[in-house]
Amino acid sequence: MHSASTAAPLLESHDLSFRFGARPILHALNLRVEAGSIYGFLGPNGAGKSTTMRLLLGLLWPSSGTVQLFGYELARHRVALLGRVGALIESPSLYDHLTGRENVEATRRLRGVPAHRTAEVLALVGLAADAHRPAREYSLGMRQRLGLALALLPNPDLLLLDEPTNGLDPTGIIEMRALLRSLCHEHGKTILVSSHLISEIEKTVTHVGVIQRGRLVFQGSLPDLQRLQTGRAQLVLETENATTCRHLLPHLLAGATVAGPGTLQLPWLSREHAAELAAGLASAGQPIYGLRQEQPTLEDTFLHLTESANE
Amino acid sequence: MEYALPTAPGPFIQLGRTLVADALKLRRTAALWLALGGGALPVLLNLLIFYFKGQYFVKPGTNPWPMYVGMSWQTASVLLLPLFVVLLSGLVVNLENRGGWRQLLAQPVSRGAVFGSKLLLLLGLNAVAQALYVLLLLAAGVLLGWLRPDLGFQNNAIGLLPVLRMLGHTYVATLGILGVQYALALAFRGFVGPLAVGIAGIVSALTLLRWEHIDLVPYAAPTRILRLLEGDTQLSVAAALSPAEWYSLGWFALAVLVGYLLLLRRPVTD
């Protein structure tokens with residue numbers, strides 16, 4: 001296994017573009033997934049996540065740009081490189097007439113993986129007891145876990161997981177998060193996991209890439225994303241009559257919006273501005289029931305990023 | 001370079017692994033049952049015909065085997081065998097049509113290995129089915145010897161060489177259909193499309209049997225080679241390939257090339 005301290009990213013794309021006929025789908029994506037990271041690939045449905053995943057696996061060919069895995073071009077060394085990659089693309093494609101164990105066995109034989117891995121991965125995803133049942137009897141969550149078992153089978157260095165929490169119940173989602181963390185931290189895997197919900201993966205990922213309409217609108221570490229939020233803090237004022245206050249203090253409440261009959265919201269500027277506003281309200285005889293700073297959630301930031309890309 | 005490039009398995013290892021995996025996927029499938037049991041239908045039909053009506057077409061004192069083998073072969077080759085190949089190729093490829101391609105083509109094996117494996121599987125299943133058919137046919141003849149001793153099956157012999165030659169001719173004659181149907185199944189990405197084209201091909205071939213260029217039509221080849229069955233008292237089959245078989249091989253080669261290119265250039269969007 002490679003060292004996590006290696007400087008070169010494990011997965012990299014250079015100006016990766018894709019068009020479906022005349023319709024452009026992806027625009028010059030420059031993804032960079034560092035070794036040992038859990039990279040959350042976020043974007044609303046239809047933003048281009050699955051298309052990107054397929055390009056990263058050689059299922060589709062880019063109209064321009066390149067994909068590099070482990071520092072080598074995928075287009076030239078696909079078979080060799082995919083030997084170190086495990087993937088789960090959208091809903092797992094299982095052979096319904098085969099049992100869970102036979103499904104794993106088919107992939108194991110195809111990849112030339114040692115026989116003992118079948119029982120190991122089935123146990124890892126908690127399907128050992130149901131491995132004898134036909135896959136057509138599996139629930140959506142079980143199918144998803146069997147798909148993950150197939151991805152883990154070759155003990156890959158890089159895992160590409162497309163919406164792995166789809167169809168899982170809340171317990172399943174929590175288990176999946178724990179499994180991803182354990183795979184990264186205890187087993188040294190690098191994971192690229194896509195989702196359309198930041199709340200599902202914000203507790204798991206170390207890095208984030210946000211895609212919207214085929215463009216990468218943010219890429220960086222989770223702290224980088226959190227820093228983006230600080231410039232978007234809000235000052236929330238609870239008073240008796242929001243409109244009256246705005247008329248009385250037009251300069252101090254210049255950027256304020258009325259969020260409710262007694263609630264005003266304005267961009268956070270500074271502590272001094274907040275103190276000045278409090279003093280101004282008091283001297284104008286207006287009651288202050290509350291004055292607080294509100295940080296946007298990661299979800300708000302995600303929505304802001306994807307909405308601004310829409311404009 | 002900071003990472004060592006992993007070693008890719010050789011092309012034959014890739015092909016072997018894909019074939020082993022594809023064989024496992026056949027478990028409990030209609031394709032496998034069709035291959036194992038498909039030959040029983042013409043044999044059973046012929047067994048019943050000879051059991052109930054044999055006295056009308058087997059002259060007393062003559063060798064019933066040539067007529068028995070010829071009639072059975074005719075029942076099998078004209079309609080059932082082409083239909084069998086159409087169904088078999090459709091069913092084998094259809095195993096991947098519910099998202100299997102996505103999983104399969106994201107594995108560290110070349111598309112050539114994926115294509116070659118399914119082709120070898122089809123060729124193997126076709127061979128097994130036809131060999132089983134011949135075994136069943138001969139076994140049913142022996143059975144008729146016990147059930148209807150008056151027909152004379154037990155007192156006469158059948159030469160194995162002409163039967164095996166006919167088996168070889170029939171196999172070659174089905175290769176054109178197999179190749180074309182395999183390429184169609186890869187092109188359509190569904191079961192119904194290639195089935196419809198296959199049935200249309202069979203019906204057209206049967207309609208055009210009197211056409212002077214019928215040997216060009218792959219779906220007619222299994223019927224066209226029936227004329228190789230000769231002899232009233234002892235079965236004889238020429239070794240040389242007939243024109244229909246050569247055309248069948250030509251269709252097979254062309255279809256395999258087209259099918260390979262289709263899979264090689266196929267974007268996986270499903």
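Numbers restart at 1 for each chain; the letters A, B, ... are given by sequence-line order, proteins then strands. Quantities reported herein were computed from a predicted structural model and do not represent experimental measurements.
- Heavy atoms of T107(A) lying under 4.5 Å from chain B belong exclusively to its side chain.
- Between the K49(A) side chain and the G43(A) main chain, a donor and an acceptor come within less than 3.5 Å of each other.
- Rounding to the nearest 0.5 angstrom, the gap separating the NE2 atom in H187(A) from the CG atom in L179(A) is 8.0 Å.
- Considering only heavy atoms from C-beta on, F188(B) comes within 4.5 Å of P194(B) through its side chain.
- Looking at Q74(B), its side chain never comes within 3.5 Å of a backbone N or O of V69(B) through a donor-acceptor pair.
- With a threshold of 4.5 angstrom between heavy atoms, H97(A) approaches chain B through its backbone and through its side chain.
- A cation-pi geometry, defined here as NZ or CZ lying under 6.0 Å from the six-membered ring centre and within 45° of its normal, holds between R84(A) and F70(A).
- Of the atoms belonging to S117(B), not a single heavy atom falls under 4.5 Å from chain A.
- L160(A) does not touch chain B: none of its heavy atoms, backbone or side chain, sits under 4.5 Å away.
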*asked:* I'd like to know whether S64(A) forms a side-chain hydrogen bond (donor to acceptor under 3.5 Å, both in side chains) with D15(A), so could you lay out the CA-CA distance, the side-chain angles of the two residues, the decisive distance to 0.1 Å, and finally the verdict.
replied: CA-CA 7 Å; S64(A) 66; D15(A) 294 331; over 6 Å; no
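- Here the side chains of V33(A) and E12(A) are not in contact, with every heavy-atom distance at 4.5 Å or above.
- When heavy atoms are compared at a cutoff of 4.5 Å, R111(A) approaches chain B by way of both its backbone and its side chain.
- Within residues 259-267 of chain B, the residues having any heavy atom closer than 4.5 Å to a heavy atom of chain A are L264(B), R265(B), R266(B), P267(B), listed by residue number.
- Among L150(A), I89(A), D96(A), L57(A), the residue with the largest count of heavy-atom pairs under 4.5 Å with chain B is I89(A).
- Residues L98(A) and R27(B) are in side-chain contact: their nearest non-hydrogen atoms beyond the backbone lie under 4.5 Å apart.
- Y72(A) places a side-chain N or O within 3.5 Å of a backbone atom of Y3(B) that can act as its donor or acceptor partner.
- Proximity of the aromatic rings of W251(B) and Y219(B) is defined here by a centroid distance below 6.0 angstrom, and this criterion is not met.
- When heavy atoms are compared at a cutoff of 4.5 Å, N103(A) does not approach chain B at all.
- Put simply, the side chain of S63(A) gets close to the backbone of S17(A): a donor and an acceptor are under 3.5 Å apart.
- In terms of modelled atom types and a separation under 3.5 Å, the side chain of E105(A) and the main chain of E102(A) share no donor-acceptor contact.
- For a heavy-atom cut-off of 4.5 Å, chain A lies close to L95(B), E96(B), R98(B), G99(B), G100(B), R102(B), Q103(B), L104(B), L105(B), A106(B), Q107(B), P108(B), V109(B), S110(B), R111(B) in residues 81-116 of chain B.
- Salt bridge D22(B)/R109(A): absent, no basic N to carboxylate O contact under 4.0 Å.
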